[in-house]
Number of protein chains: 2
Amino acid sequence: MQSEAEDGTQTGAMITLTDVARAAGVGESTASRVLRGHGSFSTKTRESVLTAARSLGYVPNRIAGTLASMGSKLVGVVIPSLSNIVFPDVLRGANTVLVGAGFQPVVAVTDYDPEREESVIESLLSWRPAGMMVAGLEHTERTGAMLRNARIRVAELLDTDGEGIDIVVGFSNRKAGRVSAQHLMSRGYRCIGYVGHDLSLDLRAAKRFAAFRAALGEAGLSIIGEEIIRAASSIEAGRDGLARLLERCPDLDAVYFSNDDMAIGGYFHCLAHGITIPDRLAIFGYNGLDVARSAPQPLSTILTPRVTVGEIGARLVCSDGPSAVVDIGFELIEGATT
Amino acid sequence: MQSEAEDGTQTGAMITLTDVARAAGVGESTASRVLRGHGSFSTKTRESVLTAARSLGYVPNRIAGTLASMGSKLVGVVIPSLSNIVFPDVLRGANTVLVGAGFQPVVAVTDYDPEREESVIESLLSWRPAGMMVAGLEHTERTGAMLRNARIRVAELLDTDGEGIDIVVGFSNRKAGRVSAQHLMSRGYRCIGYVGHDLSLDLRAAKRFAAFRAALGEAGLSIIGEEIIRAASSIEAGRDGLARLLERCPDLDAVYFSNDDMAIGGYFHCLAHGITIPDRLAIFGYNGLDVARSAPQPLSTILTPRVTVGEIGARLVCSDGPSAVVDIGFELIEGATT
DNA sequence: GTGAAAGCGCTAACAG
DNA sequence: CTGTTAGCGCTTTCAC
C-alpha cells in the first residue's frame, strides 16, 4: 500500500529525493535545485517538482544534505542548568536569532560540572555543528582544545572576566560585585552580610562575591557574617540562609545575596517575621528577575540583559566577522529594599 | 602542519575514521567496530585503534554515522515557550532521561502558535529524529499527519483531555479546573472571580477555566467577574489584572488565576494594598511553582508534576512498547491563601 | 577476527 | 536550463 494525499502526507516507505525526481520526470539534481531554490530551472519544472514533492509528502533528509554539503545548520548551546530561569532566558534569545537565520539549536546541560561540560561538548561536536555557544569562560583544558580545534564559531556567554576563545558576550561579574558593594556602602550600610549558594561550581557567582568582598575591604569594611548553603540557589535556600545568618549575626543592617532567587527568599523571610525592609535590614540581589521587579517592594538588584546576551551571541556565531569581546554591561536597579 | 597531541587534540584538517584506521594499520570497518565496541576484535587491535584515535584527536562524525545506519540519536522537543519556567522544567526531565539513553534533545519553540508548531515540527522532522516530544494534544491537521507518517515515537505532554497520536503523558486540565472550583466552594467562597491571560493560544489554561466555570455552574454559582489580559501570563499581569478586577467587583471573596505567575502577582497586589489573605480575599493558582511554595503565605494551588512528565515522556519515547496514555495526576496544595 | 565493497540520501561540480 | 557522475564519512553485509 502506497497511497498519496493532497494534504502533504503519505503512507508507506520513506520518500526520498529520487522518488520526487522520478515522479516529476526530472533528474535528481534538478529536483534538489528546485527544492532549495538554488541554481536555475524553468517555471514548468519548478511546478512539477513542487507538486510531486507535495503530493508524495516528501520530507527532505537534512542528515544526508549536511553530509553532502559539509555544512550543518545545527548550533550547540551548552548551559549549566535548566532550573534557574536565567539560562532559559539566554536560550530564548539565542533561539530566536538562530531560527531566524535558519539554524537549529541543540541544547546540552552541564549541571555546573566541568567534566560533564567536557563530555557534552564532545558529544555535541560529533554533530558537526556550525557553531557553539557555551556559558562562561572557564573550561577544562581538553574542552578548550576541542573547541579551538573544531574550526567553528564559538561564543562564550555571560562573563567577560577572563580569556575567551573566539567570541565573548556578556558583562563583568567582578564589576557587578563591586558595584553592589558600592551601592550598599553609599546608602550608609556598614554591617553587611552575605547569603550564597554553593560557589565551588557557580564560578560567576564566586567572582561577584570575591569582588564584593574586595570592594568592602578597600573601604575598610568587611563581611560581618556569611551563610553559604551547600546546594543550588533557590528561594527556599535564601529564606533559610537568611534565617540562620540573622540568628548568628542579629546586628546586620544589609545582606548581599548570591542572586535574586536567594534574595527573594530573604525578602520572604523578612515579610514572614515582620523585619522591616530596608530600615531594619536591606537586601540586595543579582539578575533582575520578574518576581523581584513586581514584588510589593521592588528588589534592589542588578539587571542582567540575559536575553540580549543570547541574541548577540547567536548573531555573532552566525556571522563570519573577527573574534570579539562584547561587554553589554548591566543595570543597577535601585529598588525599595535598600 | 599536522601535529598531534596527547590530550586528544589536533591541528590541521578534520580527522576521519579512515585516518584513524590507517594510523592504526587496520581496515576502516575494524576501526569502526572498535570505536563503537560492536562486533569482535582482538585486544591488540583494540589498543592500536584507540591509541590512534586519541592521539589524532578523532571526533566521530555522527552525521555520517546516522546516514549510514539509518537511525538517528536525536529527539525533537517542541514546547510553546521558554519564558515560563514550566516548560524548561519539562525539558529538564526529558533531557535527563534522553541523555542517559544516549539521545540528544533538539528543542524548538512555538510561541503557542499552531502554525509555527507546524513549521518547526516539519523542520525538526528533516533531521530524522528517533522520536518527538510535543506539548499538548491540539495540532493543525497537517502537523498531525506529519507526526503520524514519520514512523517514529511521538509523545504528547501535559494534557490528557483529548485524542493522542501515540504516547500521551500528563494529567487532565479539565479535572484540575473542576477540583480548583470544588476546593474554593468547599471553603465557603461564593463570590468568585477569575484573572487570566490570553487563552486563545494557551489551550490548556482555557480547558481549566471552562471546567472551573462549569463546576461552579453545577453548584448554582457563577463567576462574578473576570479580567482577561491580552498578553502572556506574568506576575505583573496578575497584579494589574487583580487590581482592575477588584475595582469593578469589590465584593469578590476569592479569585481563581490562570496560573501561579498570575496568582503570585495577585498575592503581591494584596500585600501591597493591605488586603488580608484569605479573610478578605482568597487566591488560587495553578502549577505549584517554587515561589508560590516559599511565599510567607504558601499559595493554594495545584502542583503539576512537570519534571516527571518530561521524564516519563522521554522514557516512553525511547522505548518500543505500545501506544499508551499515562495520566500521572496532580496534587492539590492547600496553602494559606484559601 | 578482519577487510573489501556497496551503499545511506543528498549536493556539487561538470558536461551537455 | 538539465542530467550524469562523484563523492561526503560512516555502517554493514559478506566473504576471507
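Just the heavy atoms: all of them, side chains too, but no hydrogens, waters or symmetry mates, feed the values below. So you know, we letter chains A, B, ... as the sequences are listed, proteins then strands, and number each from 1.
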Practice problem: Round to the nearest Å and state the distance from Leu17(A) atom CG to dT5(D) atom C1'. | Solution: 15 Å
Self-check item: Asn149(A) side chain vs Ala145(A) backbone, donor-acceptor pair below 3.5 Å
Solution: yes
Exercise. Determine the stems involving DNA chain D; a stem requires 3 or more consecutive pairs of the Watson-Crick or G-U wobble kind, each with both distances below 3.5 Å, and the answer is none if no such run exists.
Key: C:1-11 with D:6-16, C:13-16 with D:1-4
Self-check item: Glu117(B) side chain to Thr143(B) side chain, donor-acceptor N/O pair below 3.5 angstrom
Solution: no
Quiz item: Between Asp113(A) (side chain) and Thr110(A) (backbone), is there a donor-acceptor pair under 3.5 Å?
Solution: no
Quiz item: Is any side-chain heavy atom of Val134(A) closer than 4.5 Å to a side-chain heavy atom of Leu157(A)?
Solution: no
Quiz item: Okay, side chain of Glu156(A), backbone of Ile165(A): is any donor-acceptor separation there less than 3.5 Å?
Solution: yes
Quiz prompt | Ser29(A)-Ser32(A) side chain donor-acceptor pair, cut-off 3.5 Å | solution = no
Quiz item: Among residues 60-76 of chain B, which contact DNA chain C at a heavy-atom distance under 4.0 Å?
Solution: Leu67(B), Ala68(B), Met70(B)
Quiz item: Are Ser319(B) and Arg315(B) linked by a side-chain donor-acceptor pair shorter than 3.5 Å?
Solution: no
Quiz prompt | Short side-chain donor-acceptor distance under 3.5 Å, Thr51(A) and Ser48(A) | solution = no
Exercise. Using atom CZ of Arg128(B) as one end and atom P of dC10(D) as the other, report the distance to the nearest whole Å.
Key: 21 Å
Self-check item: Listed nucleotide nearest any side-chain atom of Thr16(A), set dT2(C), dG9(C), dC10(D)
Solution: dG9(C)
Quiz item: Does Tyr58(A) have a side-chain nitrogen or oxygen under 4.0 Å from the phosphate oxygens OP1 or OP2 of dC10(C)?
Solution: yes
Practice problem: Under 4.0 Å from any atom of DNA chain D, heavy atoms only: list the residues of residues 26-42 of chain A that qualify, in numerical order. | Solution: Val26(A), Gly27(A), Ser29(A), Thr30(A), Arg33(A), Ser40(A), Phe41(A), Ser42(A)
Practice problem: Check the side chains of Glu118(A) and His139(A) for a donor-acceptor pair under 3.5 angstrom, ignoring hydrogens and angles. | Solution: no
Quiz item: Do Arg92(A) and Ser83(B) meet the criterion of a side-chain donor-acceptor pair at a distance under 3.5 Å?
Solution: yes
